[in-house]
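Data block below; observations after.
Whatever order the structure lists ligands and atoms in, that order sets their numbers, starting from 1. None of the values given here were measured: they were computed from a predicted structure.
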Amino acid sequence: MKMERFTGCLTGLAIGDSLGAPLEGFLSFTVTADLGSHYTDDTAMMIGIAESLIECKGFNGDNMAQKFVSNYYKEPWRGYGSGPPRIFKMIKQGRRWDECLDKEIFPGGSYGNGAAMRIAPIGLFYFDDIKKLREISHKTSQITHSHPLSMEGAALEAYAVSLALIREKNFIQKLYDFTILDIYKKKIKAIEHLLTEKENRDRVVRELGNGVTAHESVPTAIFSFLSTDSFKDSVIYAVSLGGDTDTIGAMTGAISGAFYGYDSIPKKWLEKLENRDYIFNLATLLFKTKKKLLDLKIH
Ligand code: RVK
Ligand code: MG
Ligand code: MG
C-alpha cells in the first residue's frame with residue numbers, strides 16, 4: 001500500500017473525467033487530448049465517498065448520503081444523471097439512504113453507471129478484504145443505484161482498483177472469479193479476446209459497449225487499462241471510444257492511477273486540473289486513515 005497509488009487513483013479519476021467531459025455523447029473519436037475546464041458528477045461524487053470514509057473511518061450510509069446531497073446542492077451544475085438529483089431531493093426531505101429510492105424512479109432500480117464511476121475510494125479503502133469490498137460497494141451504490149447490474153458493476157470497478165493497487169499479475173482471472181453475474185463474466189472473457197484487437201474500436205464498442213449503463217462501461221474501462229501501457233495512453237484510449245467518455249475516462253483513470261501512481265500523470269494535465277490540491281489532499285488523508293486502521297489491527 002503506497003500513498004503515491006492512492007493519490008494517483010483519485011487524481012487519475014478526476015483527470016479521466018475532465019479529459020472525457022468535453023466529448024461526452026459524441027459517437028466516436030476526435031480526441032483533443034486535453035482537459036476540459038471542469039470535472040463532472042463522476043469526480044464530485046467520488047469526493048463525497050472519500051470525504052465520508054475519512055470522516056467516519058469507514059462506511060456510514062447516512063453520512064455518505066449527506067455528503068452526496070450537500071456536494072450536489074453546492075454544485076448542481078456538474079452534469080449529474082437524471083436519477084440522482086431526484087434522490088438527493090428525497091433524502092433532503094428526510095428519506096433514508098437505504099430505502100432503494102431509485103426504485104421509485106426506475107422500475108427495478110437504476111442500472112446507470114453512476115455507482116461505478118464514483119466507487120474508486122472504496123476499492124482503495126477495502127483493498128485488503130474482498131468480502132467487505134463487495135459488501136460496501138453494494139451499500140454505497142444502493143444510495144442511488146440498487147439494480148444488481150449497477151451494484152455489481154461498482155463492485156467490479158472497486159475490485160479492479162484494488163488489484164491495480166497491489167499490481168496483481170493475474171488480473172483478468174481474478175476479475176472473472178470475483179464477479180457473480182453472467183453478463184460481467186461474459187464481458188471479462190471478451191476483454192481477454194479483444195486485447196489483440198484494440199485498434200478495431202467498432203468491435204470493442206460493439207462487444208463491450210460505451211454507454212451510460214454499468215455493464216456497457218465498466219468492462220470497457222477495465223479493457224482500456226489492460227490494453228495499454230501507461231496512464232496517458234489508457235485514458236486517451238478510453239475517451240477515444242466515444243459515448244460516455246467522461247465516465248469511461250474516469251473509471252479508467254482510477255484503475256490506471258492506482259497502478260502507475262501519481263507521478264505517471266502528465267504534468268500538463270495536472271496543471272490544468274480543477275481542485276487538484278483538494279483531491280490530492282483527500283487521497284492523502286484516505287491513505288493515512290486506512291494506514292492507522294491497519295496498524296491498529298496488526299499491533
Ligand atoms: C450525464 C431504463 C435506465 C434504468 C432502468 C438509464 C452523468 C436512464 C455521468 C438513465 C454518467 C440513465 C451518468 C442514467 C451517470 C438506468 N430502466 N433506463 N431501470 N436505469 N437507466 O439516471 O448517475 O452524465 O436513461 O441513475 O447512473 O457522467 O437516465 O444516473 O455518464 O440510465 O450521468 O442513470 O448517470 P441514472 P447515473
Ligand atoms: Mg459525468
Ligand atoms: Mg458520463
Is there a donor-acceptor pair under 3.5 Å between the side chain of D129 and the backbone N or O of K132? yes

Quick one: look up the protein heavy atom nearest atom 24 (O) of ligand 1 and list residue, atom name and how far away it is. E24 OE2, 3.0 Å

Is E152 salt-bridged to R134, cutoff N-O under 4.0 Å? yes

Would K297 and D128 count as a salt bridge (Lys or Arg N to Asp or Glu O under 4.0 Å) here? Give the steps. CA-CA 12 Å; K297 229 191 208 170; D128 57 331; 3.7 Å; yes

Metal check, the Mg ion (ligand 3) vs D246 N/O/S, cut-off below 2.8 Å: yes

If the cut-off is 2.8 Å, does any N/O/S atom of T40 fall short of it from the Mg ion (ligand 3)? no

What protein heavy atom lies closest to atom 17 (N) of ligand 1? Include the residue and the distance to one decimal. Y111 OH, 3.4 Å

Using distance alone, decide if ligand 1 has a nitrogen or oxygen within less than 3.5 Å of any nitrogen or oxygen in H145. yes

Less than 4.0 angstrom from a charged side-chain N to a carboxylate O is my criterion; do R206 and D202 meet it? no

Can you list the ligand 1 atoms lying under 4.0 Å from a non-hydrogen atom of G81? 7 (C), 30 (O), 33 (O), 35 (O)

Aromatic ring proximity, centroids under 6.0 angstrom, Y262 and F6: no

Would you mind telling me if ligand 1 is within reach of the side chain of S110, the backbone, both or neither, using heavy atoms under 4.0 Å? both

Ligand 1 atoms nearer than 4.0 angstrom to some heavy atom of G114 are 15 (C), 23 (O), 27 (O), 37 (P)

Take atom NZ in K232; do more than 12 heavy atoms of anything else shown fall under 6.0 Å from it? no

If we only count heavy atoms from C-beta on, is the M1 to F287 side-chain gap below 4.5 Å? yes

Taking the six-membered ring for Trp and the full ring for Phe, Tyr or His, determine whether the centres of F225 and F259 are under 6.0 Å apart. yes

Minimum distance, heavy atoms only, to atom 28 (O) of ligand 1: which one of D246, I105, L149 is it? D246

Looking at D41, the N/O/S atom that lies nearest to the Mg ion (ligand 2) is called OD1

Show your working on salt bridge (Lys or Arg N to Asp or Glu O under 4.0 Å) between R95 and E104 and close with a plain yes or no. CA-CA 12 Å; R95 303 287 299 276; E104 296 174 26; 2.6 Å; yes

4.0 Å protein heavy-atom contact status of atom 3 (C) of ligand 1, strictly under: yes

Where on T144 is there a heavy atom closer than 4.0 Å to ligand 1, on the side chain, on the backbone, on both, or on neither? neither

Between F59 and Y126, is the ring pair (Phe, Tyr, Trp, His ring centres under 6.0 Å) condition met? List the steps. CA-CA 10 Å; F59 178 76; Y126 294 102; 8.3 Å; no

Exercise: identify the closest heavy-atom pair between Y39 and E274: N-OE1, 3.0 Å

Looking just at side-chain N and O atoms, do T11 and R276 make a donor-acceptor pair shorter than 3.5 Å? no

Heavy atoms only, cut-off 4.0 Å: how does D42 contact ligand 1, side chain, backbone, both, or neither? side chain

Could you tell me the residue and atom name of the protein heavy atom closest to atom 19 (N) of ligand 1, and the distance to it rounded to 0.1 Å? G109 O, 2.9 Å

I'd like to know if K268 pairs up with E271 as an ion pair, taking the criterion as any Lys NZ or Arg NE/NH1/NH2 lying under 4.0 Å from an Asp or Glu carboxylate oxygen. no

May I ask you to check if ligand 1 and H147 share an N or O to N or O distance below 3.5 Å? no

Students should be able to answer this: which protein heavy-atom is nearest to atom 15 (C) of ligand 1, and at what distance? N113 OD1, 3.3 Å

Please work out which of G79, G112, P84, P85 has its closest non-hydrogen atom nearest to atom 30 (O) of ligand 1. P84

Taking only heavy atoms of G83, which atoms of ligand 1 are found under 4.0 Å from at least one of them? 22 (O), 36 (P)

For atom 29 (O) of ligand 1, what is the nearest protein heavy atom, given as residue, atom name and distance? S82 OG, 3.0 Å

Angle at the Mg ion (ligand 3), OD1 of D244 to OG1 of T247, rounded to 10 degrees, please. 100°

Contact partition for P107 relative to ligand 1, non-hydrogen atoms under 4.0 Å: backbone

Distance from atom 11 (C) of ligand 1 to nearest protein heavy atom, with residue and atom: T247 OG1, 3.2 Å

Of all N, O or S atoms in D42, identify the one at the shortest distance from the Mg ion (ligand 2). OD1

What residue and atom, counting heavy atoms only, is the protein's closest point to atom 32 (O) of ligand 1, and at what distance? V212 CG1, 3.7 Å

Protein residue, atom and distance nearest to atom 8 (C) of ligand 1, heavy-atom basis: F106 CE2, 3.8 Å

Does a donor on one side chain and an acceptor on the other come within less than 3.5 Å for E51 and N71? yes

Would Y260 and F231 count as a ring pair (Phe, Tyr, Trp, His ring centres under 6.0 Å) if you check the C-alpha gap in whole Å, the side-chain angles of each, and the deciding distance to 0.1 Å? CA-CA 6 Å; Y260 298 110; F231 177 85; 7.5 Å; no

Can you find a protein heavy atom closer to atom 26 (O) of ligand 1 than 4.0 Å? yes

Tell me whether ligand 1 is touched by D244 - counting only heavy atoms on the residue side and a distance under 4.0 Å. yes

Give a yes or no on whether a salt bridge exists between E135 and K139, defined as a side-chain N under 4.0 angstrom from a carboxylate O. yes

For ligand 1 and D41, I'd like to know whether there is a polar contact (N/O to N/O, distance under 3.5 Å). yes

